[in-house]
Amino acid sequence: MKLIVTKNYEELSKIAAEEFAKVVIEKPTAVLGLATGGSPIGMYKELIAKCENKELDFSKCTSINLDEYIGLNPEHEQSYRNFMNTNLFNHINIDKTKTFVPNGLAKNLEEECKNYDNKIEELGGIDVQLLGIGNNGHIAFNEPGDELSAGTHIISLTESTIEANARFFDSIDEVPRKALTMGLGGIMKAKKIILIASGEGKAEAIKGLFSGKITTDNPATMLQMHRDVVVVVDEAAAKLIK
Ligand code: GLP
């Protein structure tokens, strides 16, 4: 794993965008694995700027997102589809019909999961997967527990994640309790992974990434088994790494 420690969030966003951009420049038809949450917003702004000044061209790219809340309409302000449109897709030259986010309103959610995994296969796999990380070590919505799932699946969010994500909603009661998420298998099959984390709240989870141990208590520790992971963290998130 390659570790890059930055002074602050601004520098983190710039460096992560550079790492991500390299893949798009090398392969204009790249399949981009995208993430939501507070962490990628700065990086997405950098990518938008690069697209505006013609450094980057997304017109031949496809994107596939990690997860979506169950029960939220795509137009809902806090749906991950809406997040992606607002923070990235509406501002770059990607073909929106080639951007995929799991459908949290699907009548048959099990089937939606299967179709999502098939879609990733059909696209030939993910060229670069961007990841944030939860305070509890979750990646996408793969929450800590006794076991982890390989494929896309339905997950019940942990109290810790519900509390963390309540900041985006008017009240904690409005946070959906369930989500659809790509599994660890889907993430690990990505050719390259870029994980970003900022702030002290992530320090414990990030420490696990460099512990040499893999545990379902910190799902992100699994990434230690991947060949090409770049971890970009600010000093606060890096502070417990030995
Ligand atoms: C959310 C998302 C994750 C994200 C994580 C951290 O629940 N499902 O994909 O990485 O939590 O979010 P943030 O970047 O806002 O701290």
Side-chain angles (χ1 to χ4, degrees), residues 1-21 33-49 65-67 69 77-78 80 82-84 86-88 128-144 155 157-172 174-176 179 181-182 184 187 193-224 226 229-242:
M1 270 200 295
K2 183 171 155 194
L3 172 67
I4 302 174
V5 182
T6 67
K7 282 197 295 289
N8 50 38
Y9 179 70
E10 200 189 347
E11 196 191 10
L12 174 153
S13 301
K14 281 204 168 71
I15 292 177
E18 285 298 323
E19 288 288 331
F20 197 85
L34 298 175
T36 54
S39 307
I41 292 178
M43 181 191 137
Y44 287 159
K45 286 198 177 122
E46 295 289 331
L47 293 179
I48 292 167
N65 259 79
L66 287 168
D67 46 15
Y69 289 115
E77 218 190 329
Q78 294 309 330
Y80 284 169
N82 184 60
F83 175 99
M84 290 311 302
T86 316
N87 289 291
L88 187 65
V128 58
Q129 177 64 61
L130 175 68
L131 293 177
I133 186 169
N135 296 342
N136 61 3
H138 76 242
I139 45 178
F141 269 134
N142 292 277
E143 295 278 33
I155 188 101
L157 304 184
T158 61
E159 277 310 312
S160 141
T161 299
I162 293 166
E163 277 164 30
N165 289 3
R167 71 189 194 277
F168 298 114
F169 293 80
D170 289 337
S171 83
I172 194 163
E174 287 178 27
V175 184
T181 181
M182 206 187 279
L184 264 305
I187 294 171
I193 295 176
I194 301 171
L195 183 141
I196 55 175
S198 161
E200 225 173 303
K202 304 287 169 76
E204 192 65 41
I206 292 295
K207 177 180 150 195
L209 274 182
F210 296 91
S211 65
K213 299 253 169 19
I214 293 162
T215 165
T216 58
D217 290 339
N218 178 348
T221 55
M222 178 78 90
L223 299 174
Q224 294 172 101
H226 193 282
V229 182
V230 183
V231 178
V232 191
V233 289
D234 63 11
E235 282 173 5
K239 80 173 202 187
L240 298 177
I241 301 173
K242 296 243 165 65

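Residues meeting the side chain to side chain donor-acceptor pair (under 3.5 Å) test with N165, sequence neighbours left out: Y69. Residues passing the side-chain contact (heavy atoms from CB on, under 4.5 Å) test with T181, sequence neighbours excluded: D67, A140, F141, N142, H153, I155. Partners of E18 under the side chain to side chain donor-acceptor pair (under 3.5 Å) rule, at least two apart in sequence or in another chain, are K50.
In this structure, CG in L223 is found 5.0 Å from CD1 in I193, a value given to the nearest 0.5 Å. Once rounded to the nearest 0.5 Å, the distance linking CD of Q78 with CZ of F169 reads 5.0 Å. Here E19 contributes atom CD and I4 contributes atom CD1; the two are 4.5 Å apart, rounded to the nearest 0.5 Å. Note that the CD1 atom of I196 and the OH atom of Y9 stand 6.0 Å from one another [nearest 0.5 Å]. Here OG of S160 is found 4.0 Å from CG of N136. Values are rounded to the nearest 0.5 Å.
Listed by first and then second residue, the salt bridge (Lys or Arg N to Asp or Glu O under 4.0 Å) pairs involving residues 230-242 are E200-K239 (not counting sequence neighbours). Contacts classified as side chain to side chain donor-acceptor pair (under 3.5 Å) and involving residues 207-224 (residues at least two apart or in different chains) are not found.
Of all heavy-atom pairs between A203 and A236, the closest is CB-O, 3.7 Å. Contact between P176 and L157 at its shortest, heavy atoms only, is O-CD1, 3.4 Å. Across all their heavy atoms, M182 and N65 have their closest contact at CE-O, 3.6 Å. When all heavy atoms of I133 and A205 are compared, the pair lying nearest together is CD1-CB, 3.8 Å. Summarising the geometry of N8 relative to E11, their closest heavy-atom pair is OD1-N, 2.9 Å, with the distance given to 0.1 Å. A pairwise comparison of heavy atoms in A197 and A237 identifies O-CB, 3.6 Å as the closest pair.
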Distance-only donor-acceptor hits, side chain of residues 34-48, under 3.5 Å, sequence neighbours excluded:
from: Y44; atom 1: OH; to: A35; atom 2: N; distance (Å): 3.1
from: Y44; atom 1: OH; to: A35; atom 2: O; distance (Å): 2.6

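The shortest distance between side-chain heavy atoms of L195 and I206 falls below 4.5 Å. Two residues are said to be in side-chain contact when any heavy atoms from C-beta on lie closer than 4.5 Å; V175 and T161 fail this criterion. For the pair L131/L66, a side-chain contact is recorded, criterion being any heavy-atom separation below 4.5 Å from C-beta on. The closest side-chain heavy-atom distance from V233 to K202 is not below 4.5 Å. Within the 4.5 Å cutoff, no side-chain heavy atoms of Q129 are placed close to those of H226.
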